[in-house]
Amino acid sequence: MFSKSKPMWGKKTKLKSSYDVVLIGGGLHSLATAYYLAKEHGITDVAIIEKNYIGYGGAGRNTAIVRANQRTQYNVPLYKEALDLWPVLTKELDYNLMFNNCGNLNLMHSEAAMNAARMTIATAQFHGVESHLIDAKEAKELVPALNISEDITFPIHGAMFHPPGGVVRHDAVVWGLAKGAAKMGVEIHQQTEATGINTKNGKVTAVVTDKGVINTKQVLISAGGYSAALIHGFLGIKLPISVLTIQAMVTQPLKPILDHVVSSGAYHCYANQTLKGEIATGAHMDPWPNYTTLNTAHYIKHQAEALSEFLPALRGVRFMRIWGGLADMTPDMAPIMDGNEQVEGFFMDCGWGYFGFKSCSAVGRHMASFMATNTCPDILKPFALKRYQEHKLMGETAALMSYTPDN
Amino acid sequence: MMNRFNHLPTLKIDTSDKIPFTYKGKTYYGTKGDTIATALYANGVRIYARSLKYHRPRGLYSMDGECSNTMMEVNGIPNVRTETTFLKPGIVVKEQNVKGSAENDFLGFIDKMDWAMPAGFYYDTMHKPAKIWPVAMKQIRKAAGIGKLSPDHHMPGKYDEIFPTCDVCVIGGGPAGMTAALAAAQKGLRVILMEARPWLGGHFEYRTSEYINRQTHHERAVQLAKEVEKTDNIRVFTHTANVGAYNNNLITGFQVGKESDVFTERYIEIRANSVVVATGCIERPLLFENNERPGVMQAGCALRLANTYGMLPGKTAVFSIGHDLGLETAVSLHDLGMSVPVIADIREDGQDPALLKAVLDRKITILKGWVATEAHGGKQVKKVTVKSVDATVSKTYDCDVLVASAGFTPLTGPLVVNQAKLTYDNHTNFFLPTDLPKKMHAAGSLLGFENAQSIEASGLLAGLKAAFDCENCSIAELGEAKKAMEDLPGPARGTKLVTAPVKGRKTFICFDEDTSIKNIKQSIDKGFDVPELIKRFSGAGLGPGQGGIPGHNLPLFTAKYQALPDIKIRPTTVRPPLVPTFIATYAGTNHTMFKRTPMDEMQRKDGGIFRNIGVWQRARYFSKDFTCKKEIENVRNNVGMLDGSTLGKFRIHGPDALNSLQRVYVSDLSKIKEGRVKYTAMCNDDGCVIDDGVVVKLGENDYYFSTSTGRAGQTIEWIRYHTRYDNWDFALVNLTDAMGVINLSGPNARKVLEKVVDIDVSNEGFGFSEYKEFTIADTIPVKAMRLGFVGELSYELHVPASYMKSLWLMLKEAGKEFKIQNFGVEAQNVLRMEKCHVILGQESEQRTNLLDIGMGFLWSRKKTGYKTVGVAALAQAEKDNTRLKLVGFKMENNGRAPKDGALIVDDRVRGHVCTARNSFSLNEAVGMALVEADMSKIGTRLAFYEDECNGELIYGTVVETPFYDPEGKRMKM
Amino acid sequence: MALTITCPICGKRNGYEFRYGGEEKGPRPDEKDLTPESWCDYVHMNKCVAGVQQEWWFHRDGCGSWFTIFRDTTTNLEKETPEAKE
Ligand SMILES: Cc1cc2nc3c(=O)[nH]c(=O)nc-3n(C[C@H](O)[C@H](O)[C@H](O)COP(=O)(O)OP(=O)(O)OC[C@H]3O[C@@H](n4cnc5c(N)ncnc54)[C@H](O)[C@@H]3O)c2cc1C
Ligand SMILES: [Zn+2]
């Protein structure tokens with residue numbers, strides 16, 4: 001029943017002097033890309049270069065909420081594919097990713113918000129994704145702890161209910177993908193830092209690391225929140241990204257009290273109960289760029305204030321842990337996926353902000369196809385960097401996300 | 001109930017005051033000063049709870065607050081740490097996570113199933129076949145979690161918050177902390193001292209052993225506490241746990257209120273210039289088989305039970321310890337009447353000679369270089385096996401208490417969460433702070449000092465260092481304090497033993513998660529080779545104890561198992577809150593704050609139904625009919641009155657006022673004439689419309705302008721941002737709150753206004769798009785504009801907020817005969833939609849530019865050289881014919897309006913409905929939509945896909961706009 | 001972290017009184033020679049420096065001025081000069 005105690009992602013090997021493909025960053029997106037490069041394209045001479053340990057970044061810090069009810073038609077199919085992949089991956093990897101498809105409730109606090117939600121719901125339904133607008137009473141039936149009284153800061157008018165969404169065990173995805181990729185020959189080099197990319201005549205020739213130079217023709221930077229700094233540092237390419245700290249926290253574990261993911265834009269707050277029983281909650285970002293992953297007194301208090309209003313029963317439970325991670329935010333809240341455009345052989349997959357967990361499987365699959373065939377799959381085309389020059393922001397958010405005075 | 005001592009000087013209980021409480025449905029009595037756990041202990045309770053995974057019995061172990069063995073449900077509140085929570089009369093205490101009772105738990109058998117649950121077993125199970133997972137998941141959820149909380153739980157009590165500042169904040173009210181606070185206070189500084197326990201004194205407070213010259217530690221603690229309390233510039237917060245420390249010395253904590261306090265708990269956030277951390281030590285758990293069996297407890301716990309709470313922990317205590325506190329405890333408990341057959345001391349040598357003598361004087365056997373290897377007894381300790389550390393010799397002793405402690409572990413939490421670096425120190429076997437953040441100092445036993453004088457001297461030094469940070473102490477003085485320290489004993493040597501010589505199947509490194517050292521080995525073997533990953537994989541340290549129990553042992557054990565050199569031993573991460581903290585407490589007073597307009601009260605009286613809109617509360621409807629039929633018809637046929645006070649209102653003047661406006665507005669404002677109103681818009685750099693409003697020229701380089709409600713708060717920073725390199729000279733004033741606005745609209749508007757003003761308001765005297773200033777009744781100054789947002793004759797009256805009520809009443813009175821009525825924000829929404837006047841954010845998305853929305857006419861292309869925000873992007877995007885455009889549409893065959901947010905589709909999404917209504921004015925359904933440019937031509941058929949439509953589309957056609965009064969005659973009449 | 005920012009007018013204050021305004025990129029470029037690339041570079045693109053950067057802040061709950069500071073994005077602490085190290 002239990003695999004014997006041997007290292008799950010292979011013995012530590014020495015870094016070779018060349019690989020077909022080098023992936024910088026040992027997060028979900030690199031791991032998934034490596035997995036699919038090997039599985040669907042037979043490319044196994046692949047090295048993942050990770051500065052700390054796999055899952056050190058957002059991959060190990062996120063709250064693992066998954067859903068496919070995005071706002072635009074460019075996003076919904078991608079996230080739908082990702083959502084459908086969890087059971088498939090659980091089986092393929094033979095690793096329990098603990099997909100809890102408990103459904104997500106996104107609370108609406110005004111008539112205008114209900115109307116805005118309707119568009120998102122229609123978009124989901126048009127693409128075959130289940131999502132419904134429900135009123136406050138129905139929301140309360142699903143989440144008995146919800147406060148639907150009028151006398152809170154943002155009274156609840158209803159919710160967008162997305163039954164197929166939920167939560168996945170984020171660590172399991174990291175370890176499972178690592179296990180799956182390593183089994184097919186991908187090498188995972190932890191404690192190895194990429195320090196540069198060498199190019200010649202507009203083509204990638206090598207990746208420089210603190211453990212030596214690796215010759216390669218293809219490199220992907222998908223280093224989560226660190227990507228923008230690396231891409232600028234290594235290749236001088238600037239990106240429309242601001243790297244902010246996003247925090248999350250958990251309470252002490254409780255017996256089941258919250259059966260769905262509940263989120264509220266107005267309160268800047270989401271909450272769900274993990275399988276272990278903790279209430280995991282987060283959402284807010286301190287709106288200035290930094291790489292500290294430090295948490296703030298301000299935020300944990302804010303979160304308590306918000307929960308006190310719309311899930312007041314939780315006033316009787318204690319917070320026990322808060323942590324921070326990086327969110328690389330773009331102005332249109334949509335990622336940047338591009339390749340062979342700025343430099344031949346250079347690919348990037350970043351700008352995932354605080355929503356890059358849910359997409360990682362599908363994105364890894366398409367990035368793998370992009371790298372293997374040197375042709376951008378249609379589904380990724382709208383995410384190219386060029387859109388910012390062309391004044392074609394994605395529209396994933398109704399209000400602008402920018403850390404200039406632009407919002 | 002057992003007899004309690006009542007003669008010890010250290011007691012914190014009053015045995016004459018009995019307190020009743022309910023436990024398992026029956027009434028029990030504790031005494032005043034008891035914690036819930038000590039009251040239960042006094043009533044013979046030894047098993048407080050069952051463990052999470054294996055349902056092992058758990059008892060009183062630490063009393064320092066880092067252990068969750070005694071978590072219980074109290075008055076419906078789960079996970080209350082009963083060992084540190086005061087007993088209150090009438091409380092109802094329940095056991096948690098048991099099937100049956102803590103004493104007899106039907107799930108106790110799981111303890112034998114541990115072989116089936118190696119570290120991370122859940123990742124390898126329950127997913128094959130896939131259909132068992134949903135079932136398994138339900139069971140996991142039920143089994144996991146500890147306390148129960150009802151979804152309609154109402155948290156009783158009052159929660160408060162304070163945000164004090166001080167020069168020096170001292171965390172920890174033990175001897176070092178008190179000395180530091182006194183030192184800083186004597187320098188005239190404002191000091192805050194916070195202490196987690198309900199009283200000052202720390203590690204001295206409960207000990208009756210000698211401090212110096214016959215004075216006991218306890219007496220010394222009392223002496224220092226008195227000094228602190230009489231020092232005016234020290235503000236003491238007792239029963240206040242420190243929970244966070246952030247850079248630039250922001251310190252957070254929460255205080256538990258006393259009976260006399262007005263708060264149950266209060267959140268405290270302190271900004272200090274300098275901070276001293278003197279949080280002391282807790283004990284490092286000793287690792288051996290069944291090391292958490294009820295009856296096993298740490299030395300401090302056993303001693304506090306006796307000295308603070310007046311009861312012996314049992315009859316016979318075996319000791320397995322690694323520090324002098326263990327010896328001291330053995331002597332004390334012996335003298336109070338316990339039998340102590342043996343002390344196994346991990347140390348071969350180095351014991352305090354006086355204590356050693358005291359032990360021998362009492363004929364207690366002491367085995368040096370020995371350690372407990374197993375506690376026997378199913379639910380409670382009955383017997384203990386002790387072995388020499390090399391496991392060559394072994395003995396067994398009967399007992400009902402096993403005092404077990406491997407050594408000390410420093411409470412460096414406040415330092416670490418504020419980014420101090422910790423380094424493993426071989427001498428103390430501590431992780432010591434080596435790289436402290438600026439203006440943060442450490443003192444006391446957390447640095448490894450055990451000698452009482454050294455502890456106080458380190459406190460003095462830290463207090464002076466803090467004073468030095470505040471520029472209140474000389475270098476010479478610091479030097480003296482440093483020198484005084486050097487003459488005293490340095491940090492004590494710590495025991496190195498990581499685990500007793502055991503295999504470790506039931507040796508628990510983490511109690512909360514039932515993580516044994518065997519599980520740790522399994523994790524490491526699987527490739528999880530750093531403490532952070534081991535934690536995640538095995539769960540160790542992630543439970544409600546927040547790493548307090550495994551925090552020190554986990555990295556030590558990991559290093560030992562991997563045979564790492566000292567420099568590679570890394571501590572585990574500590575995260576705030578350092579002490580678990582109620583959400584209610586963090587929330588504090590939890591104010592909600594909305595702005596109300598000067599008309600708020602009047603509109604509420606008139607039956608306004610209010611909504612929170614941005615920072616404001618606004619009247620959205622004036623009846624339960626949310627289609628607003630009456631309100632709308634009244635504006636179209638008679639006259640209505642709307643409170644527009646939330647509009648942003650600004651004045652800009654000075655030599656560069658015009659330049660600034662030219663920078664941010666797309667129109668050419670150099671062309672406005674005095675007495676005229678100019679409607680215009682602001683874009684962001686992407687050409688997307690962010691605001692629209694009107695500009696009025698009051699005089700030379702003096703303008704009054706309005707912004708949308710949502711933008712009012714950002715307008716000043718926006719204008720200043722976009723002119724920040726220019727060094728322009730202008731003054732910009734936000735008048736939003738100072739001025740109210742009444743919108744008087746409808747064919748009878750003029751008739752109403754005529755009655756209250758004495759200027760000529762005829763169409764000739766005050767025409768469309770004109771601006772006038774006048775006073776009403778010689779008193780009320782009015783800035784009036786003729787605009788037509790709702791498409792009727794209308795006047796927008798801007799009036800100082802204090803006069804709003806009077807004017808409102810005057811208009812209402814004057815309007816009676818013309819059937820004047822209030823109308824709200826929703827009615828306005830429909831009225832303006834019929835005119836195809838846009839509301840930004842409703843008819844536009846963040847990516848909608850000025851041209852998309854049909855407002856290109858506002859852009860003055862001839863205006864160049866102003867670097868106007870957005871126009872470069874507009875010029876670049878102009879040729880793009882794939883953008884979304886705003887169109888008006890009507891429904892086919894007199895059909896109903898699609899819902900707002902409906903999609904416009906063919907084989908894919910081509911746009912969406914912004915606003916659509918069945919128009920009472922037009923008697924048909926109309927709306928506005930953003931559609932791809934190729935569908936924006938008049939006559940294009942639109943297919944609407946609504947949510948829940950099941951693929952059934954409804955249809956409409958793109959038509960000319962506006963729908964209502966296309967020539968605009970009505971607003972110009 | 002508990003950010004503090006030093007306003008040239010009001011002095012060192014709690015960071016939440018301020019609003020971040022982007023990396024310092026120099027004055028607004030002249031609109032007439034802007035290409036889509038140079039426009040985009042000015043408007044959207046950032047260097048995302050992990051280290052000391054010069055950046056704009058607005059004292060929103062204070063005097064209302066825009067000013068620049070140097071801040072180390074890896075520690076969230078202000079620096080006197082771009083080179084300043086810990
Ligand atoms: C608190 C929080 C909550 C979140 N919640 C959700 C959620 O609920 N749902 C959701 O979908 N998303 C969520 N996210 C976002 C999601 O976690 C991220 O978008 C995603 O993990 C980023 O992709 P990644 O895993 O590939 O990158 P990361 O995991 O961030 O990986 C980056 C890796 O690169 C490594 N690295 C950096 N520099 C170098 C270098 N020079 N050389 C080698 N390696 C390097 C880092 O050590 C790191 O391991 C959340 C994020 C946070 C922080
Ligand atoms: Zn200021």
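Being a predicted model, the structure only gives us computed values, none of them experimental. Every chain is numbered from 1 and lettered A, B, ... according to where its sequence line falls, protein lines coming before strand lines.
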message = Need one label for C:Tyr42: side chain, backbone, both or neither, based on atoms under 4.5 Å from any heavy atom in chain B.
response = side chain
message = So which atom in B:Thr240 and which in B:Ile268 form the shortest heavy-atom distance, rounded to 0.1 Å?
response = CG2-CD1, 3.9 Å
message = Quick check on the interface: out of C:His59, C:Arg60, C:Arg28, who has the most heavy-atom pairs with chain B under 4.5 Å?
response = C:Arg28
inquiry  = Does any backbone or side-chain atom of B:Val869 lie under 4.5 Å from a heavy atom of chain C? Answer side chain, backbone, both or neither.
reply    = both
message = With side-chain hydrogen bond (donor to acceptor under 3.5 Å, both in side chains) as the test, pick out the partner of B:Asp668 among B:Lys862, B:Arg861, B:Gln662.
response = B:Gln662
task = Check whether any side-chain heavy atom of B:Thr868 lies under 4.5 Å from a side-chain heavy atom of B:Val664, and answer yes or no.
result = no
query = Of the backbone (N, CA, C, O) and the side chain (C-beta and beyond), which part of B:Ala877 lies under 4.5 Å from a heavy atom of chain C, both, or neither?
reply = neither
query = Going by atom types alone, do C:Arg71 and C:Asn76 pair a side-chain donor with an acceptor below 3.5 Å?
reply = yes
message = Which atoms of C:Lys12 are under 4.5 Å from chain B, going by heavy atoms: the side chain, the backbone, both sets, or neither?
response = side chain
ask   = Checking heavy atoms, do the side chain of C:Thr35, its backbone, both or neither come under 4.5 Å from chain B?
value = backbone
task = Give the minimum heavy-atom separation between B:Val574 and B:Gly413, together with the two atoms involved.
result = CG1-CA, 4.4 Å
